[in-house]
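Quick caveat, the model's predicted, so the values are computed rather than measured. Naming convention: chains lettered A, B, ... in sequence-line order (proteins, then strands); numbering from 1 in each chain. Hydrogens, waters and symmetry mates are skipped; everything else that's a heavy atom, side chains included, is used.
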Amino acid sequence: MNAAIPFSAQLINLFAAVILLLAFAMLAQRRMLALINLFALQGFTLCLSTLVVAVTTGQSHLYYSAGLTLLLKAMVLPWILHRLVRKLNVKSEVEALINIPTTMLVGLLLVMIAFNVALPISQLSQTITRGTLGIAMAVVMLAFLMMITRQKAITQVVGFLSMENGLFLAATSATYGMPIVVELGIAVIILGVFFFQIRDQFDSLDIRHMERLKDN
Amino acid sequence: MDFFILMLVIPLVSGALLTVVGERDWAPNLNIIASLGTFLAAVGLTAEIVANGPRFAFGEQFFIDSLNVFFVALTAFVGLTTSIFSGPYMRNEQEHGRLTRPRLRLYKSMYQLFMFTMLAALTTNNLGILWVAMEAATLTTVLLVSLYRTPARLEAAWKYFILCGVGIAQALFGTILLYFAAERVLGESGNALLWTHLIDVKAQLEPNIMALSFIFLLVGYGTKVGLAPLHNWLPDAHAEGPTPVSAVLSGLLLNVALYAILRCKVLADGAIPGDFAGKLMIGFGLFTLLVAAFFLSRQKDVKRMFAYSSIEHMGLITFAFGMGGPVANFAGLLHMTMHSLTKSAIFFAVGHATQKTGTQLMENIRGLIRINPLIGWGLMLGTLAILGMPPFGVFASEFMILTHAMKHYPWATPILLLGLGVAFAAIFGKVQPMVFGETEAKHLPHAPAITPVFLHLGIVLMLGLYIPPYLTRWFHEAARMLG
Amino acid sequence: MISISGLLGQAFAILLALVLAPLLSGWVGQCRAWLQSRSAPPLLLPYYMLHKLFRKDVVLAHGASSLFRAAPFVVFGCMVLACAIIPSLSTDLPLAPAADALALVGVFGLARIFISLAAMDVGTSFGSLGGRREMLIGFLAEPALLMVIFTLAMTAQSTSVATIVETLAHRDFVIYPSLAFAGVAFTFVSLAENARVPVDNPATHLELTMIHEAMILEYSGRHLALIEWAASLKLYAYSCLGLALFFPWGIAPGDDFLALLAAIPLLVLKLAIGGAILAGIETVNAKVRIFRAPEFLGTAFMLAVLGLLVRLLLESKV
């Protein structure tokens with residue numbers, strides 16, 4: 001029954017599934033450094049998936065996109081984050097506002113919602129890897145959940161970057177390469193890098209320290 | 001040289017230039033001159049569009065019609081007056097030792113770049129570029145908000161960055177979905193993100209995908225508009241950023257984000273039967289209005305209070321556009337104009353008032369009218385205007401929105417009246433003792449720039465009494481484009 | 001339908017399981033020792049153990065009921081049956097229709113219940129502590145295992161293990177992304193069910209943390225030998241199940257005798273690699289607190305559900 005799908009599409013589906021798996025693993029992860037490693041792995045998988053799309057469709061701009069993803073998401077950003085964690089002596093344990101099993105249950109629910117929403121839509125599309133749209137949406141939602149439930153600024157940034165991974169999965173794989181995906185990629189990555197501009201102002205990047213601004 | 005290119009090049013080049021020479025004594029003047037140049041170019045562009053109709057630029061990547069040229073003109077105008085206002089304001093901040101020269105240099109260059117990103121967002125035809133420009137606007141404003149580098153300021157900047165970052169990510173997902181829908185009709189060409197192409201085939205776009213896409217776009221750009229419940233960043237960013245930044249955030253950035261939603265709404269309306277987008281916007285608008293109104297009454301910080309007032313008005317405008325139709329769209333556009341002008345005027349006045357009294361807490365600001373009658377009256381009149389008192393223009397637009405709502409959405413009228421009433425009581429009750437009452441504040445080293453305040457209020461007053469026919473025609477045409 | 005060669009194959013598979021299972025345990029122990037820079041015990045250590053234990057007398061606790069004496073035999077029988085159902089060498093198993101994948105889970109459950117009851121039977125505190133913990137683990141592991149099986153069953157349109165393996169092994173090569181999820185979930189469940197490191201440590205007798213060892217403290221002699229043998233059979237069964245489901249290449253399709261012969265060295269090789277990986281997992285992970293075990297298994301369950309969802313999204317109606 002599945003024999004009709006070309007091998008490249010199967011590969012893309014597999015990579016998409018792995019990205020979702022990693023997003024879930026990040027949600028369950030308690031250790032900061034392991035979290036960053038998982039993120040690097042996610043970036044690497046995204047790069048592979050983009051590469052497969054690039055080879056299949058022959059769109060040259062996707063090669064740039066894949067290269068950028070590899071360089072920044074899988075190497076530079078994780079390296080900076082690693083250094084930052086060590087420099088700031090951030091406690092290795094990730095602190096969650098809601099306990100992790102509950103977070104994961106909510107995550108599962110989000111995945112169901114995302115898949116449910118995406119299923120009718122993806123069936124309308126002609127691209128073979130349409131299923132990845134639902135996965136991309138699920139990854140975005142899981143990353144969003146991580147940003148909400150984690151206290152440290154670094155974890156939030158990792159969540160944000162993981163959200164970008166989900167977006168790029170949608171932009172490259174589900175739509176087989178959007179027109180200006182490279183430009184979007186650069187813009188998004190700038191946004192991701194941007195937090196380092198204000199990072200050194202915090203003693204430790206814990207958002208619990210940031211509770212001064214409140215509506216009484 | 002083309003007015004359009006001039007309008008984009010001036011802020012870009014001057015922004016780059018100011019990063020180099022921004023510490024010179026004459027740099028504030030360069031800032032003003034650049035803004036003036038941008039404004040003149042925008043006026044030229046407006047005249048051109050009014051005379052010749054819509055046009056493209058840079059192939060099909062940029063597209064200017066009567067809808068966005070109206071925003072362009074407004075943006076360039078408020079940009080100019082804010083740069084005039086920020087000259088003495090920033091000098092005073094420097095004398096107080098709150099800002100250093102490198103910081104001021106950053107401020108000026110980021111201000112120009114911010115103007116550039118907004119103008120680019122307004123004029124682009126490519127929804128991808130629109131997104132990039134909105135993101136760049138976020139980045140520049142994060143730098144502007146965190147100008148002071150105190151913990152509270154950084155916290156505000158962080159909150160702003162994270163929330164708007166998430167919002168902008170949602171908008172990107174919406175854009176991707178839009179492409180997903182368009183690709184089926186327009187094929188895998190670069191045209192599938194061009195608004196002018198999309199509008200031609202909007203009826204063929206798949207309704208389900210478009211509905212989902214619009215939800216993401218509304219939530220994403222809505223975060224930047226300040227729609228509840230995603231409005232949390234807005235009061236912090238307004239209260240903690242320098243006052244000129246609060247003025248442009250409230251007066252311009254919110255408009256630009258709303259403009260992005262409007263462009264997408266036109267596409268969604270064409271694709272989805274049953275006014276789905278409009279109903280969604282009505283819901284968000286009313287909810288935002290109510291939330292903001294009730295938070296208003298609990299504020300102690302004057303800039304926070306007016307930030308909440310901005311959220312409230314954005315809710316009202318979103319509601320107006322949600323109702324749709326020529327009248328409501330006209331009222332929405334008019335209200336956007338009025339709100340921009342009035343709110344930036346109020347922030348100018350508030351900026352000077354807080355500088356004079358050295359605090360943003362309303363209970364410590366007293367007797368402005370004795371310190372400086374012009375500031376006192378400016379704040380009082382601005383407040384009356386924003387609260388929708390006749391004869392100011394806000395009254396006209398609010399009246400139009402209300403009557404239109406009464407006719408077509410009678411159930412919404414009590415909610416609107418409740419929101420507006422609570423906001424009125426809260427703001428008026430707090431501003432009144434600030435303006436009148438006793439004080440012992442001292443004078444500032446640099447005389448405040450009062451002209452922008454009264455210039456804005458004067459225009460708002462004029463538009464309340466009499467809207468010139470060419471302006472009416474222009475508004476009508478823009479309103480008609482929104483469907 | 002039952003052919004002579006099928007019966008022979010079946011008998012041979014059971015025999016092979018009985019022989020290979022202790023060897024696998026020994027191999028894992030040896031790999032662990034190497035990885036942890038200890039001098040390794042001999043590969044055949046489990047055989048020596050069994051030999052020694054079978055020769056020893058049984059010492060029964062006062063008040064041990066007949067349940068306590070029957071349990072080792074029941075557990076051992078369950079494990080042998082499980083090994084018989086799982087297609088380790090060939091998918092042509094005469095016993096396979098007796099129990100599908102769901103019943104297989106039931107067979108494991110039966111063994112668990114007996115060993116837990118036996119542990120509580122004597123009435124020592126360690127026994128009941130171990131029994132309770134074992135039930136907790138099982139209660140969480142079983143649904144996860146079932147979800148993994150459902151995911152695979154949807155792909156094969158059957159809950160029979162033999163059919164699933166045949167579907168996966170002998171079709172055109174197709175990547176099933178859902179298998180990635182199911183595989184990870186299955187690994188988690190296997191670790192928990194076989195009292196392996198993140199959940200339990202088979203090598204220690206630390207009162208506060210042990211689960212499996214706490215239950216069998218009261219056993220001795222041939223009873224203990226049977227239970228130890230059953231434990232290694234369980235590890236063997238899970239390994240074979242995992243290999244059959246996720247790396248099914250080389251399993252003989254039917255009553256082809258040559259293919260069956262060829263499947264043996266391949267199986268030994270796969271088991272050796274699998275055992276080494278297991279030792280690796282046990283070395284790099286630390287044992288989690290018993291209260292974290294539900295989280296660990298909850299993760300497994302959720303991954304299995306995700307696999308099911310991914311399967312619905314990506315692989316349906318294509």
Proximity breakdown for A/L27 and chain C, heavy-atom pairs closer than 4.5 Å: neither
Per-residue contact mode, C/L303 against chain A (heavy atom under 4.5 angstrom): side chain
Presence of salt bridge, C/E295 and A/R30, under 4.0 angstrom: yes
Six-ring centre of C/W34, C/R38 cation under 6.0 angstrom, axis tolerance 45°: no
Considering all heavy atoms, the nearest C/C240-C/L267 contact: SG-CD1, 4.2 Å
Aromatic centroids of C/F188 and C/F301 separated by under 6.0 Å: no
Best-contacting candidate, A/F115, A/F15, A/F24, against chain C by heavy atom pairs under 4.5 angstrom: A/F115
Which of A/L11, A/L14, A/I135, A/V111 touches chain C most, by non-hydrogen pairs under 4.5 Å: A/L14
